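Heads up: the structure comes next, in structure tokens.
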Number of protein chains: 2
Amino acid sequence: MDKNNQTTEERILAASKKVFHTRGFDGARMQEIANEAGVNKSLVHYYFRNKESLFKSVFEDAFGQLLTKMNEVFFSDLPIIAKIETFLHFYLDFLAMNSYLPWFILNGLHERPGQLKELMDRMQMSPQRLINRIHDQVKEELNIEIDPLHFFINMLSLSIFPFLARPLILSVLGYSPEMLGQFYEERKTKVPEFILNALKGYENYPSK
Amino acid sequence: MDKNNQTTEERILAASKKVFHTRGFDGARMQEIANEAGVNKSLVHYYFRNKESLFKSVFEDAFGQLLTKMNEVFFSDLPIIAKIETFLHFYLDFLAMNSYLPWFILNGLHERPGQLKELMDRMQMSPQRLINRIHDQVKEELNIEIDPLHFFINMLSLSIFPFLARPLILSVLGYSPEMLGQFYEERKTKVPEFILNALKGYENYPSK
DNA sequence: CATACTTTTGACCACCTGGTTAAACCAAAT
DNA sequence: ATTTGGTTTAACCAGGTGGTCAAAAGTATG
């Protein structure tokens with residue numbers, strides 16, 4: 001326990017997040033992590049064996065946060081519309097405050113596929129069950145037949161993509177970071193609106 | 001003109017695409033490019049000054065393809081619904097055959113922001129005009145008021161994200177590459193359906 | 001054949017990076 | 001004060017990287 005009420009190990013982990021999140025595995029430098037933590041480079045190796053294992057800690061922490069919340073929402077006993085709204089609200093909010101996370105996770109998976117296998121088991125996550133649950137609940141409560149996997153991926157797409165495309169939007173639209181922040185803010189209402197409208201468009205959607 | 005009816009320079013450029021597309025700038029190795037082209041590493045530097053300029057060629061080629069087609073569709077004089085359908089059809093098709101491109105471009109922009117500035121000028125691309133055009137045409141032909149920028153980003157999200165999330169989908173759902181191909185195939189009908197349904201959900205959409 | 005020019009190559013280098021190691025430091029217990 | 005254990009550091013190393021260079025090979029021109 002020293003500076004800032006954190007142990008050295010905690011300081012190193014925090015620094016690792018900061019660096020890995022923005023630079024990715026290949027782009028991150030052990031030296032930069034050490035500097036960020038205000039610590040000698042060897043000390044990083046002392047607490048975490050090597051870059052790989054340090055990255056694993058950071059990656060699983062990030063992915064775990066997102067996965068946990070997702071399960072929580074979709075296995076709750078809210079009506080499906082409320083689940084969708086809750087899910088979107090949480091993710092759009094969380095991502096707005098952690099706009100580097102989507103890139104970090106997807107890039108990490110691109111550089112090191114197989115990173116997930118082990119974690120998925122450990123968390124005993126069953127995507128198929130979640131997908132089935134959505135399908136049944138949509139059919140029961142809204143009386144419409146959708147492909148739940150595509151629908152779920154659609155929700156993720158609309159939530160996550162704009163954060164992945166951050167540098168693209170900045171360049172192409174010539175936005176300032178502030179304007180981009182405003183844009184993300186707007187999406188908190190635009191995305192749910194778009195998705196719920198899409199559902200209404202299917203056959204047999206109950207009127208009122 | 002030698003092997004395969006290509007000049008050495010063309011062979012190097014083709015090899016560069018193959019390597020950069022899958023590995024990104026940081027991950028690519030000049031040696032791997034040389035091997036892929038069946039050529040000495042020094043020769044790569046002979047034709048293209050350095051890694052940076054070689055990457056630039058590859059990047060602008062990829063980005064140009066996507067941008068050109070986008071302009072072509074949205075500045076045509078098709079009705080808006082047809083434009084949307086054409087756009088989605090083209091992108092979902094093109095991306096299914098070049099599934100690495102979205103990651104390559106977004107990752108390239110993340111590693112080297114500013115890569116676009118110059119290209120945007122040179123192509124005299126005006127995103128604001130495209131966005132306005134969508135807004136006006138939607139209002140006129142469909143009698144509904146949408147935010148065109150969010151709508152456009154929604155289209156991109158639904159088209160592109162599943163390709164960025166490729167390693168995620170493979171891991172989490174345990175899909176084989178073939179099953180994933182099938183999934184992308186399905187999206188060619190699911191995505192247009194979803195988007196057109198969403199439009200119908202807005203107030204005043206003309207019935208029939 | 002001789003000359004001049006371009007293309008191709010192998011050897012090499014300076015630099016950076018993750019990782020190791022032995023010594024120094026330090027706090028607590030004897 | 002001395003010992004003991006964990007903690008922190010500086011110096012160092014092996015391997016890989018983009019890039020250079022001078023010589024060799026090839027090709028056209030006189």
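Since the model is a prediction, treat every value here as computed from it, not as a measurement. Chain identifiers are assigned alphabetically (A, B, ...) following the order of the sequence lines, protein sequences preceding nucleic acid strands; residue numbering begins at 1 within each chain.
Taking the six-membered ring where the residue is Trp, the centroids of H135(B) and F151(B) are separated by 6.0 Å or more.
More than 12 heavy atoms of other residues, nucleotides or ligands sit less than 6.0 Å from atom NZ of K83(B).
In this structure, the NE2 atom of H45(B) is 13 Å from the P atom of dT17(D), given to the nearest Å. In this structure, Y47(B) atom OH and dT8(C) atom C1' are separated by 8 Å, rounded to whole Å. Rounding to whole angstrom units, CD of residue E9(B) and C1' of dT7(C) are separated by 12 Å.
Sorted by residue number, the list of members of residues 21-36 of chain A with any non-hydrogen atom under 4.0 Å from DNA chain D is empty.
Residue pairs meeting the ring-ring contact (aromatic ring centres under 6.0 Å, His included) criterion with at least one member in residues 7-38 of chain A, sequence neighbours excluded, are F20(A)-F55(A), H21(A)-Y100(A), H21(A)-F104(A), F25(A)-F55(A).
Among the protein residues, F48(B) comes within range of no part of the nucleic acid, since none of its heavy atoms lies under 4.0 Å from any strand.
With respect to E36(A) and R11(A), no salt bridge is recorded, no charged nitrogen being found less than 4.0 Å from a carboxylate O. A salt bridge is defined here as a Lys NZ or Arg NE, NH1 or NH2 lying under 4.0 Å from an Asp or Glu carboxylate O, and R122(B) with E118(B) meets this definition.
Considering CZ of F74(B) and NZ of K69(B), their distance stands at 11.5 Å, rounded to 0.5 Å.
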For nucleotides 9-12 of chain C, give me every protein contact, N/O to N/O, under 3.5 Å, one pair per line with atom names.
from	atom 1	to	atom 2	distance (Å)
dT9(C)	OP2	N40(B)	N	3.0
dG10(C)	OP2	N40(B)	ND2	3.2
dG10(C)	N7	N40(B)	ND2	3.3
dG10(C)	O6	S42(B)	OG	2.3

Q.
Evaluate R187(B) against N154(A) for side-chain hydrogen bond (donor to acceptor under 3.5 Å, both in side chains), listing each step before the verdict.
A. CA-CA 10 Å; R187(B) 285 191 77 74; N154(A) 288 351; 2.6 Å; yes

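Q31(B) and N35(B) share a side-chain donor-acceptor pair at under 3.5 Å.
The phosphate of dT7(C) (OP1 or OP2) has no side-chain N or O of T8(B) nearer than 4.0 angstrom.
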